[in-house]
Every structure is written in C-alpha cells, then in structure tokens.
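Read the numbers this way: they start at 1 and go in the same order the structure lists the ligands and their atoms. For the single chain, residues carry numbers from 1 onward in sequence order.
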Amino acid sequence: MAAQMVDIEAQSSFEQTSSIFNKVESPISLKFHEVVYTVTIKKQGWLNKMKNKSLEKQILKGITGMVLPGEMLAMLGPSGCGKTTLLTALGGRLSGKLNGTITYNGKPFSSIMKRYTGFVPQDDVLYPHLTVTETLIFTALLRLPKDLTSQEKVTHAEDVINQLRLTRCKNVIIGGPGLRGVSGGERKRVSIGQEMLINPSLLFLDEPTSGLDSTTAQRIVSTIRELARGGRTVVMTIHQPSSKLFYAFHKVLLLSEGNSLFFGKGSEVMSYFDSIGFSPSVAMNPSDFLLDLANGILSDDSSCSGQNEIKQKLVLAYKSNLANNLKAEVLEFDDHMTDVSEDKKPERWTTTWWQQVMVLLRRGVKERRHEFFSSLKIGQVIAVSFLTGLLWWQSETSHLQDQSGLLFFYTGFWGFFPLFQAIFTFPQERLMLCKERSSGMYRLSSYFVSRTLGDLPMEMVLPTLFCIITYYMAGLKPSFGSFMYALFALLLSVLVSQGLGLALGALVMDQKSATILGSVIMLSFTLAGGYYVQHVPDFISWIKFLSISQHTYKLLIGSQYERGQTYQCGGRTCLVTDFPAVNSVGLDGQVISIVMLVVMLVLYRVIAYLALMRIGVLKR
Ligand SMILES: Nc1ncnc2c1ncn2[C@@H]1O[C@H](COP(=O)(O)OP(=O)(O)OP(=O)(O)O)[C@@H](O)[C@H]1O
C-alpha cells in the first residue's frame with residue numbers, strides 16, 4: 001500500500017514537472033533602458049559606382065520599459081516601426097550598433113541566458129517532411145538536459161503535444177510550399193511547443209497570431225497567457241489584436257517610427273490618450289485606434305494631412321508625461337532577485353557531442369528519406385550507366401581513344417553530379433541552422449559531422465552502381481584489382497567534389513550564385529583535366545594540380561594500363577603511354593594524385609566548416 005502511494009506520488013510529481021504550464025524555476029525580470037539601434041545603409045551612386053555613400057538610420061530611438069515574471073508585454077505599431085528589431089534586441093540576437101542597456105535580473109545577456117530564453121520567430125522554421133510528433137521529439141532530444149532519459153524526453157514532447165492541443169494532427173507532416181501539411185495555426189503551435197519544451201523563463205514571440213483567424217489567434221494568446229501565469233516573462237509583437245485579445249495583455253508598448261508613444265498597462269492606454277486629447281469619436285477596437293494614432297491618423301479623419309505633426313505631438317506627449325517616470329521606475333526597480341547565471345550555472349550544452357550527432361543523423365535521415373530513395377535520381381544514374389555501357393560496349397584497348405574518352409567521362413560525370421547535389425546543402429539549411437544555433441541547441445561541429453556523414457551512404461551507392469554497370473559492359477580491364485582501383489578513384493573524386501560543393505555553398509550561401517561559381521570552377525578543372533588539351537601554356541599549367549578531374553583521370557588511366565603496354569594502332573604496335581590523351585597525364589605520380597585528392601577532401605570540408613562559423617548564430 002505504502003509502495004503504491006509512493007508510486008502515485010512519483011507519477012503525480014512527474015506529471016506536475018512535465019507540465020509546460022508549470023511554474024518556472026528561475027523567473028527573470030527584463031529591463032530595457034533608452035535602447036537605441038542604428039544601422040548603416042550603403043548607398044551606391046548609380047552614375048559613379050566608386051562613390052559609395054553610407055548613411056545612418058536610427059531604427060530604435062531610445063525605448064524604455066520593464067517586464068516582470070508573470071507579465072505579458074505586447075508591442076504594437078504599424079509595419080516597419082521597429083517591433084521585430086526591438087524583440088530581437090531583447091532576445092539577445094541583434095548584432096550591430098545597439099546602445100542603451102538591456103538587463104536580465106540585472107545582468108547583461110550571456111550565452112547561459114540562451115538556455116532560459118525561448119524565441120519564436122515570425123516565420124516558422126520547421127522541417128516540412130517531419131510530423132508534428134517527430135519535430136517535437138527531436139527538439140526534446142536535443143534541448144532537454146542529459147540527466148533525463150530518452151523516454152522521459154519523449155514523454156515531455158508528448159505532454160507538450162497534448163497541452164498545445166496538437167493531438168489531432170500529431171502524425172501529420174508539417175508541410176511546406178507544394179506539400180500539404182498541418183494548418184498555419186497548428187504550425188505556429190508547433191513552433192511555440194519547441195520553445196516550451198525547455199520551460200523557458202523568458203519567451204519572445206514575433207507576431208504569433210499573424211495570418212490566423214481570430215478564434216485560433218485567441219486560442220494561441222490564451223495559451224501564451226497561461227504560460228506567463230507560470231512565472232514566465234513574455235514579450236510579443238502583434239499587429240492588430242481584437243479587443244478581446246488586447247485586454248489579455250498586461251502591458252502594452254506602442255511604437256511609431258522607432259519612438260515610444262506609450263508604455264504601460266493595457267487597461268490604462270485609452271485613458272492616457274484621452275488625457276492628452278486623443279480619443280476615438282466612435283467606439284472602436286483599441287488596437288485599431290492605437291495603430292491609427294501611431295500612423296498619425298485621427299479616427300475621425302482619414303486624410304493624410306498633418307500626419308507628421310500628430311506623430312510629433314504624440315512623441316512629445318510621451319516624453320513629457322510618461323518617459324521620466326518610467327525611466328525612474330526602471331532604474332529604481334530591484335531586479336537582483338535570483339541570478340540564474342550564478343546560482344544554477346547550467347552547462348553550455350544540454351547534450352553530449354555524440355548524442356547531438358546521433359540525434360541529428362536520425363533527424364536528417366527522416367527528413368531526407370524521400371531524397372535518398374528518389375526514383376528520379378536513381379533512375380537518372382541507371383539510365384546514364386546503361387547508355388554509357390551500350391555506347392562503349394565491349395571496347396578494346398586498340399580503341400584507346402574510346403577507352404580514354406570513357407575514363408574521362410567518368411571524371412566529368414562524377415565531378416559535376418556530387419558537386420551540384422552538395423552545393424544546395426547549406427544554403428537550404430541556413431535558416432534552420434541559424435534558428436537552432438541561436439538557441440544553443442547543438443555544437444556546429446556535431447551538425448557538420450552529421451550533415452556530411454548522413455548523405456554519405458547514398459553518395460557512395462550511386463557511383464558504385466554506375467561503375468559496376470559501365471565497367472563490365474564497356475569491357476574495361478577485367479581483373480578485380482583494376483576494377484577496385486577504378487572504383488576507389490571514382491569514390492575519392494566524388495568525396496572531393498562533394499566537399500567543394502559544400503564549401504562553395506557555405507561560402508556563398510546563395511544557391512544561384514553558388515551554382516554559377518561551381519560550374520565555372522568545375523568546367524575549368526575539366527578543361528585542365530588532360531584530355532581535351534595537352535599543350536597547356538606554362539603560365540596557366542598550375543591549374544591542373546588543383547584539378548579534381550586531372551587527378552582522377554590519372555588514377556583511372558593508372559587502373560587500366562601499365563608502363564610498356566602496347567596496343568594496335570593502324571596496323572602498327574604502339575606504346576599506350578605515347579597516346580596523347582594518356583601521355584598528357586602519364587602513368588607516374590599515382591600516389592601524388594591520391595595525396596592531392598585526400599588533401600582537397602579535407603581542405604574543402606575545413607573551408608565549409610569555417611564558412612559556416614560566420615553564420616552560426618541568427619543575427620539581424
Ligand atoms: N539591418 C537593417 N538594415 C536596414 N534597415 C533595417 C535593418 N533592420 C531593420 N531595418 C528597417 O527598420 C525598420 C523596422 O523594421 P522591423 O522589422 O523591426 O519592423 P516591424 O515593426 O517589425 O515591421 P513588421 O510589422 O512589418 O514586421 C524597417 O523599416 C526595416 O526596413
């Protein structure tokens with residue numbers, strides 16, 4: 001009986017601790033004082049491109065405020081007034097010229113603070129082919145501390161699914177452009193759920209209700225309010241909340257062109273504007289009225305006249321009526337209640353390097369399984385293999401021109417194909433990488449290893465299939481050793497080209513530019529490969545040492561022919577090494593070519609890694 005009681009208590013305590021609406025362990029007070037953000041915009045003269053003009057633009061012009069645990073602050077204002085910029089600054093993700101002070105329990109933002117912060121961006125960044133459950137479970141496995149077992153993490157994710165009312169769609173894929181998945185509201189709740197898993201003390205949400213119907217918006221805001229009730233500090237931007245939603249917020253910050261027009265309790269906003277002579281002539285939704293004001297429009301006047309004067313008047317009214325009291329209140333408030341970074345000192349990473357690699361590998365395989373088994377890709381390679389095999393059907397050494405042509409085709413096809421597959425890898429994943437690295441989810445090295453290893457089996461299977469089909473159909477040297485050497489050369493070349501693609505993608509981070517750059521580089525390597533041109537002028541002959549094609553071609557030639565080997569040429573016996581397309585690369589220096597390819601294999605990946613470090617963290 002006693003044991004049963006203990007069991008029940010343990011279960012109910014687990015249910016309590018696993019509830020996302022539970023009280024937070026480390027409440028955080030957020031204060032921001034006179035926040036100014038300036039960007040430098042470069043203007044290039046059209047006529048005189050050398051004359052680069054740059055001009056400074058102030059996006060935030062001294063914003064002050066304070067949000068306490070349990071409170072929900074809504075930032076309102078017209079499009080472009082600086083809401084997202086301020087939210088990003090408060091979330092510790094804004095780089096550049098940021099002045100003023102932002103403190104979290106009296107301390108500046110630190111990497112430890114990332115662990116207490118949830119940030120839901122305006123555009124949901126989710127993998128389209130994962131289901132709701134998979135998305136949340138993988139996030140739980142990566143973000144929850146290592147002292148929880150995998151089963152506990154899964155239970156936690158399921159708990160979030162239930163509490164965010166996602167049960168109905170838990171096995172539906174997220175979806176994306178051209179791929180039917182969950183609805184917009186459900187997607188938003190998945191994004192919120194990802195942040196809720198870590199039970200954040202601070203929660204930032206950028207327009208969590210945009211594009212949703214009012215009932216769904218209402219539901220999302222009440223969920224967030226419930227989260228705030230657990231002692232979380234919640235800040236969100238919102239466009240045009242309904243009256244019902246508006247009064248759900250504890251505090252409201254109204255912005256106009258980077259200026260504050262109001263900061264205070266939502267319930268006091270209408271009486272404040274009334275006191276300075278602005279009140280709606282007819283009963284209207286407070287947020288509509290506030291947006292009109294922030295645009296300089298009075299409710300009974302839809303004309304555009306005097307908008308700037310009205311805005312100026314409102315800014316001055318804020319400065320003389322509210323700003324000083326607010327600043328004094330913010331400065332005087334004692335927020336050194338709990339220093340999370342001192343007391344709890346959590347580790348930098350919640351999971352080990354190895355755990356991160358394994359989870360990321362599993363997630364990658366699930367997300368890209370449709371690509372691995374793409375019948376189009378496999379069909380393409382098989383079709384090219386059989387066509388090649390038929391064209392070179394049982395070729396003989398006496399047809400040296402044909403055989404060397406086939407070997408050079410190997411280098412070309414397996415140079416371009418993996419390059420263009422790899423070039424898209426990082427540009428396509430950029431947003432996800434930025435989002436997850438910004439929340440300190442995993443190390444860049446674990447992501448890099450899992451991303452480059454995950455695709456490897458398929459990258460190896462296709463060229464192997466190609467080599468088996470064409471090698472024997474084309475009647476190349478039948479010994480097993482020669483076949484294995486040719487296969488080794490081909491696979492090495494695939495890995496190097498893949499590395500080059502990864503590096504270009506990571507350096508340029510734009511699919512179109514990387515593709516153009518990749519094709520120019522690969523074309524130069526192919527031209528310098530030793531097949532098309534044998535008499536390369538000295539001043540440019542260095543290019544062949546960098547050419548993946550040249551080294552691979554040399555190894556492939558080495559797999560088929562030996563020194564002193566002859567062939568029948570026009571009724572005579574000629575040396576294979578005298579044939580121009582063989583002579584240009586020669587049979588010597590096989591080891592040097594292998595070393596060069598191995599060096600390139602490592603070097604290109606190091607370049608890709610270093611390039612990714614630049615964009616590791618999401619900054620505006
Ligand atoms: N890095 C930057 N360089 C130049 N301009 C910038 C930069 N960041 C923001 N801006 C400009 O600052 C202004 C405020 O942008 P922000 O995204 O914060 O507005 P917003 O209020 O969130 O708008 P919306 O409601 O449309 O999302 C905009 O005019 C934007 O173009």
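- To the nearest 0.5 Å, atom CD1 of residue Ile516 and atom CG of residue Leu504 are 12.0 Å apart.
- Between Phe448 and Phe426, the ring-plane angle classifies as parallel under the 30° and 60° cut-offs.
- Checking only distances, Tyr37 never comes within under 3.5 Å of ligand 1, N or O to N or O.
- In the model, Thr38 has no side-chain atom that pairs as donor or acceptor with a side-chain atom of Glu56 under 3.5 Å.
- Annotation: Val39 places no N or O atom under 3.5 Å from an N or O atom of ligand 1; distance criterion only.
- Of the options Arg143, Arg430, Arg363, Arg451, a salt bridge (charged side-chain N to carboxylate O under 4.0 Å, His left out) to Glu436 is made by Arg363 and by none of the others.
- Judged by distance alone, the side chains of Gln163 and Asp159 do bring a donor and an acceptor atom under 3.5 Å apart.
- Residue-level proximity to ligand 1 for Thr85 is carried by backbone and side chain together, each with a heavy atom below 4.0 angstrom.
- Taking distance alone, with nitrogen or oxygen atoms compared against 3.5 Å, Gly82 approaches ligand 1 more closely than that limit.
- Residue Gly77 places no heavy atom under 4.0 Å from ligand 1.
- Comparing heavy-atom distances from atom 27 (O) of ligand 1 across Thr88, Leu76, Thr84 singles out Thr84 as nearest.
- Contact check on Arg168 versus Glu186 returns a salt bridge, with a Lys/Arg side-chain nitrogen under 4.0 Å from an Asp/Glu carboxylate oxygen.
- Proximity annotation for atom 13 (C) of ligand 1: of Ser256, Gly258, Ala89, Gly80, Gly80 comes nearest, heavy atoms only.
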